[in-house]
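Following: one structure in structure tokens, then a few remarks.
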Amino acid sequence: MSKPAAKRFQPPAIDKLPEDIRTRILAVQEKSGFVPNVFLTLAYRPDEFRAFFAYHDALMEKDSGLTKAEREMIVVATSAANQCHYCVIAHGAILRVRAKNPVIADQIAVNYRKADITPRQRAMLDFAMKVSRAANEVSEADFAEVAGQGFSEDDIWDIAAISAFFALSNRLANVTAMRPNDEFYMMGRLPKQD
């Protein structure tokens, strides 16, 4: 018997979902070999599913001054601070794959200040954490610090937006008791077998 995607708010079966959502979920399954539980859980509310993934893709998939691995670093660090089991495990797996580093996600999740990252990435995560935990305290000094590491205004917006977006995601994952898929735990830890 398979485990439910989340303990609360169960979506309909995939074959009962709207066509566009079903198509997206099946494409993800084709690419990854499984359906990440976030897709199943958020399908409970189709309009919100569409809005969530549109904003997710706009933030996480574009080319900019942040690498895709750096974007995932933001997710892992802020999700750990927000105690989001699902996002730390799922995005930790994605970070390991994108960074081609089997230990970086664990380091960042436990204490990014001790992780093997660059000073630039440390400034990025300091800013992201402030946005996540105390956005009302963000000051010009914080902007100067992150800009001093070579981040553009658009990069700083991206850091803040990723942090804010995943604060929403973390809260939904916690409220629904979303479970990380077992597949995420080992992903990116060992070299792929050919």
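Predicted model only: the values in this text are computed from it and were never measured.
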Drop me the distance from [X]'s [atom1] to [Y]'s [atom2], to the nearest 0.5 angstrom.
| X | Y | atom1 | atom2 | result |
| --- | --- | --- | --- | --- |
| Leu66 | Asp155 | CG | CG | 5.0 Å |
| Glu70 | Ile159 | CD | CD1 | 8.0 Å |
| Ser132 | Leu125 | OG | CG | 11.0 Å |
| Met178 | Leu172 | CE | CG | 7.0 Å |
| Glu19 | Leu26 | CD | CG | 8.5 Å |
| Ser64 | Phe151 | OG | CZ | 9.5 Å |

Which atom names give the shortest non-hydrogen contact between [X] and [Y], and what distance separates them?
| X | Y | value |
| --- | --- | --- |
| Ile25 | Ala43 | CD1-CB, 4.5 Å |
| Ile104 | Asp116 | CD1-O, 3.6 Å |
| Ala105 | Val76 | O-CG1, 3.7 Å |
| Ala128 | Ser163 | O-OG, 2.8 Å |
| Pro36 | Val28 | CD-CG1, 3.4 Å |
| Arg133 | Ala81 | NH1-O, 3.1 Å |

For residues [X] and [Y], determine if any side-chain heavy atom of one lies less than 4.5 Å from a side-chain heavy atom of the other.
| X | Y | value |
| --- | --- | --- |
| Phe9 | Val175 | yes |
| Ile117 | Ile108 | yes |
| Lys130 | Phe127 | no |
| Asp126 | Tyr112 | yes |
| Tyr86 | Asn181 | yes |
| Arg189 | Asp106 | yes |
| Leu40 | Asn37 | yes |
| Lys68 | Met60 | no |

Taking [atom1] in [X] as the centre, count heavy atoms belonging to other residues, nucleotides or ligands within less than 6.0 Å. Is the count above 12?
| X | atom1 | value |
| --- | --- | --- |
| Asn111 | CG | yes |
| Glu61 | CD | yes |
| Arg120 | CZ | yes |
| Gln149 | CD | yes |

Residue list, side chain to side chain contact (heavy atoms under 4.5 Å, CB included) with Ala144, at least two apart or on another chain: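 Scan of Ala144 (side chain to side chain contact (heavy atoms under 4.5 Å, CB included), adjacent residues dropped) gives none.
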Connected via hydrophobic side-chain network under 4.5 Å: [X] and [Y]:
| X | Y | answer |
| --- | --- | --- |
| Val75 | Ile89 | yes |
| Tyr185 | Val110 | no |
| Val103 | Met186 | no |
| Val88 | Met129 | no |
| Leu42 | Phe34 | yes |

Close aromatic pair by centroid cut-off 6.0 Å: Phe165 and Phe52: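 Yes, the ring of Phe165 comes within the 6.0 Å limit of the ring of Phe52, centre to centre.
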Arg96 and Asn101: CA distance, side-chain angles, deciding distance, side chain to side chain contact (heavy atoms under 4.5 Å, CB included) verdict: CA-CA 5 Å; Arg96 288 190 298 273; Asn101 181 335; over 6 Å; no
Arg171 side chain to Ala167 backbone, donor-acceptor under 3.5 Å: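 Confirmed, Arg171 side chain pairs with Ala167 backbone.
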N/O donor-acceptor pair under 3.5 Å between Arg98 side chain and Glu72 backbone: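 Pair absent, no side-chain N/O of Arg98 close to backbone of Glu72.
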Test: Lys62 and Asp154 ion pair at under 4.0 Å: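 Answer for the salt bridge query: no.
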Pair Thr23, Asp20: side-chain N/O donor-acceptor within cut-off below 3.5 Å: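 The answer is no; no qualifying pair exists.
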Polar contact flag, side-chain donor to acceptor under 3.5 angstrom, Asn174-Gln83: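 No, because no side-chain N or O of Asn174 sits under 3.5 Å from a partner of the opposite role on Gln83.
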Evaluation steps, ring pair (Phe, Tyr, Trp, His ring centres under 6.0 Å), between Phe49 and Tyr44: CA-CA 8 Å; Phe49 175 104; Tyr44 178 78; over 10 Å; no
Side chain to side chain contact (heavy atoms under 4.5 Å, CB included) assessment of Val138 paired with Val131: CA-CA 7 Å; Val138 171; Val131 170; 4.2 Å; yes
From CA spacing to verdict: side chain to side chain contact (heavy atoms under 4.5 Å, CB included), Ile156, Phe143: CA-CA 8 Å; Ile156 295 169; Phe143 281 98; 3.6 Å; yes
Derivation and outcome, side chain to side chain contact (heavy atoms under 4.5 Å, CB included), residues Gln107 and Lys114: CA-CA 7 Å; Gln107 292 177 349; Lys114 306 286 188 232; over 6 Å; no
